[in-house]
There are 2 protein chains.
Amino acid sequence: MSQGHTDVTVQAGPLDHICPLNELLDRISGKWAIGILTLVGDRGPIRFTELERGVRGISRRMLTLTLRNLERDGLLVRTVHPTVPPKVEYSLTPEARELAAILADLTDWALRHRPQVARARAEYDARAQAERER
Amino acid sequence: MSQGHTDVTVQAGPLDHICPLNELLDRISGKWAIGILTLVGDRGPIRFTELERGVRGISRRMLTLTLRNLERDGLLVRTVHPTVPPKVEYSLTPEARELAAILADLTDWALRHRPQVARARAEYDARAQAERER
DNA sequence: CGGGATCCGTGAAGATACTG
DNA sequence: CAGTATCTTCACGGATCCCG
């Protein structure tokens with residue numbers, strides 16, 4: 001599964017900080033991109049306000065910015081219906097649908113391992129605390 | 001690694017819907033976590049300096065910080081060999097191995113779609129430019 | 001309704017120097 | 001070798017107001 005994928009080390013060309021890992025990170029990092037992609041994937045074509053309600057805690061500004069970036073990268077399609085009041089819908093491009101599937105796996109992983117991670121964190125903090133008191 | 005606290009209500013209620021998505025993001029966001037997990041997964045037990053060379057562009061400080069966070073979350077195991085000079089090796093925990101497989105899929109996606117994303121970005125920027133000049 | 005513009009705080013990340 | 005310690009910078013993201 002993790003067989004054929006690329007080497008992170010990429011044999012030392014001086015230009016190789018163009019590593020695709022960082023490009024990927026620029027795409028899905030930020031607090032909101034994954035959540036938005038997931039939601040758009042689940043709810044099909046979805047309106048701005050629906051997204052705003054669906055992604056808990058996001059501000060109008062960050063929703064707009066994240067949508068623009070995803071659109072710019074060719075992951076989202078923005079469709080404007082010239083009605084009044086305006087109606088704008090967002091949907092995934094085919095490539096983004098592939099990505100959304102992987103992100104679903106990620107979310108699944110997070111769900112399954114949530115308790116273990118919480119426990120590990122508590123133990124680590126407890127040990128760190130104990131050492132500080134020695 | 002979330003910054004400005006969205007600070008959800010302290011009360012436990014129906015509004016307490018803190019989806020695991022954000023927890024996941026805290027875990028793998030940051031510029032370096034994915035790269036490190038991938039590299040540790042590929043190279044098995046790996047030493048600090050090897051990581052420093054393998055992850056291009058990372059500073060000593062950020063490597064340390066990211067390693068500590070991953071260890072704290074129970075994704076990495078840090079093994080100290082009390083030799084001289086010191087030797088420290090990092091390896092994945094079983095849960096992290098699952099995660100690394102998914103991250104490999106992600107990296108794969110990034111590789112496969114790199115050209116399309118670049119093209120989409122160029123087109124978007126061109127259109128934006130054209131509009132600004134109208 | 002679906003944004004854009006602006007101001008601002010804060011944490012992520014860089015640079016540099018030192019250490020057991 | 002494998003880290004700490006400090007200082008600084010920067011851009012992410014929140015809050016607020018405005019607009020077609």
Side-chain angles (χ1 to χ4, degrees), chain A residues 17 19 21-22 25-36 39-40 45-72 76-91 128 131-132 134, chain B residues 1-9 21-22 25-36 39-40 43 45-72 76-91 128 131-132 134:
Chain A
H17 67 289
C19 165
L21 273 176
N22 286 338
L25 279 177
D26 287 349
R27 213 135 289 126
I28 66 167
S29 77
K31 273 164 74 175
W32 309 111
I34 294 186
I36 289 176
L39 194 53
V40 178
I46 184 174
R47 302 186 60 174
F48 186 88
T49 314
E50 296 182 86
L51 278 168
E52 198 178 358
R53 280 193 301 264
V55 183
R56 298 289 168 159
I58 195 172
S59 66
R60 230 187 193 79
R61 175 185 133 89
M62 287 318 295
L63 179 55
T64 302
L65 283 180
T66 310
L67 286 172
R68 289 295 166 276
N69 281 327
L70 292 174
E71 187 194 356
R72 179 170 182 249
L76 285 182
V77 181
R78 178 169 175 269
T79 313
V80 182
H81 300 85
T83 63
V84 88
K87 178 178 179 181
V88 181
E89 284 184 325
Y90 295 89
S91 49
E131 265 182 46
R132 227 173 291 117
R134 271 187 18 224
Chain B
M1 302 172 190
S2 63
Q3 50 163 31
H5 54 305
T6 317
D7 212 24
V8 198
T9 56
L21 274 178
N22 286 339
L25 277 178
D26 286 349
R27 212 137 287 127
I28 65 168
S29 77
K31 273 167 74 177
W32 309 111
I34 293 185
I36 290 177
L39 194 53
V40 177
R43 299 276 209 285
I46 185 174
R47 302 185 60 174
F48 186 90
T49 313
E50 296 182 87
L51 278 168
E52 197 177 0
R53 279 193 303 265
V55 182
R56 295 291 166 164
I58 197 172
S59 66
R60 231 184 193 79
R61 175 186 130 88
M62 287 317 295
L63 179 55
T64 302
L65 283 180
T66 310
L67 286 173
R68 289 292 170 278
N69 281 326
L70 292 174
E71 187 195 356
R72 178 169 182 252
L76 259 86
V77 181
R78 179 170 174 269
T79 313
V80 183
H81 300 86
T83 62
V84 84
K87 178 178 180 180
V88 180
E89 284 183 324
Y90 294 88
S91 48
E131 266 182 45
R132 227 173 293 117
R134 272 188 16 225

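Just so we're on the same page: letters track the sequence lines, and every chain starts at 1.
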*d(CZ, A:Phe48; C1', C:dG3) in whole Å*: 6 Å
*Enter the inter-axis angle for the ends of the helix from C:dC1-D:dG20 to C:dG20-D:dC1 (five pairs per end, rounded to 10°).*
60°
*Any sub-3.5 Å donor-acceptor pair from A:Glu131's side-chain atoms to A:Ala128's backbone N or O?*
no
*Is any N or O donor-acceptor pair between the side chain of B:Arg47 and the base of D:dA2 shorter than 3.5 Å?*
no
*Taking side chain as C-beta onward, heavy atoms only, is B:Arg68 less than 4.5 Å from B:Arg78?*
yes
*asked:* Distance check needed: C:dA13 P versus B:Ile36 CD1, whole Å only.
replied: 10 Å
*Atom pair distance, as rounded to whole Å: CD in A:Glu52 and P in C:dG2*: 9 Å
*Specify the separation, in whole Å, of atom CD1 of A:Ile58 and atom P of D:dG13.*
9 Å
*asked:* Any non-hydrogen side-chain atom of B:Ile58 less than 4.5 Å from a side-chain atom of B:Ile36?
replied: yes
*Mind calculating the distance between OH (A:Tyr90) and C1' (C:dG2) to the nearest angstrom?*
7 Å
_Within-4.5 Å side-chain heavy-atom neighbours: B:Thr64 and B:Phe48_ = yes
*Sorted by number, the residues of residues 62-70 of chain A with heavy-atom contact under 4.0 Å to DNA chain C*: A:Thr64, A:Arg68
*OP1, OP2 of C:dG3 versus side-chain N and O of A:Arg78: anything below 4.0 Å?*
yes
*asked:* If I compare all heavy atoms of A:Arg27 with all of A:Leu70, which pair ends up nearest, and what's the gap?
replied: O-CD2, 4.2 Å
*Nearest-nucleotide wise, let me know which of B:Pro85 and A:Ser29 is further upstream toward the 5' end of DNA chain D.*
B:Pro85
*asked:* What is the distance, to the nearest angstrom, from the CZ atom on A:Arg60 to the P atom on D:dC17?
replied: 14 Å
*Under a 4.5 Å cut-off applied to non-hydrogen side-chain atoms, are B:Tyr90 and B:Leu51 in contact?*
yes
*Hey, which sits more toward the 5' end of DNA chain C by its nearest nucleotide, A:Arg61 or A:Lys87?*
A:Lys87
*Value in whole Å for how far the C1' atom of D:dC12 lies from NZ of B:Lys31*: 13 Å
*asked:* With heavy-atom distances below 4.5 Å as the criterion, would you say the side chains of B:Glu89 and B:Ile46 are in contact?
replied: no
*OP1 or OP2 of D:dA2 less than 4.0 angstrom from a side-chain nitrogen or oxygen of B:Thr49, does that happen here?*
yes
*Do B:Glu50 and B:Arg43 have side chains that get closer than 4.5 Å, going by heavy atoms?*
no
_Set out, in order, the CA-CA distance, both residues' side-chain angles and the distance that settles salt bridge (Lys or Arg N to Asp or Glu O under 4.0 Å) for A:Glu52 and A:Arg60, then state yes or no._
CA-CA 7 Å; A:Glu52 198 178 358; A:Arg60 230 187 193 79; 3.0 Å; yes
_Rounded distance in Å - CZ (A:Arg56) to C1' (D:dG13)_ = 20 Å
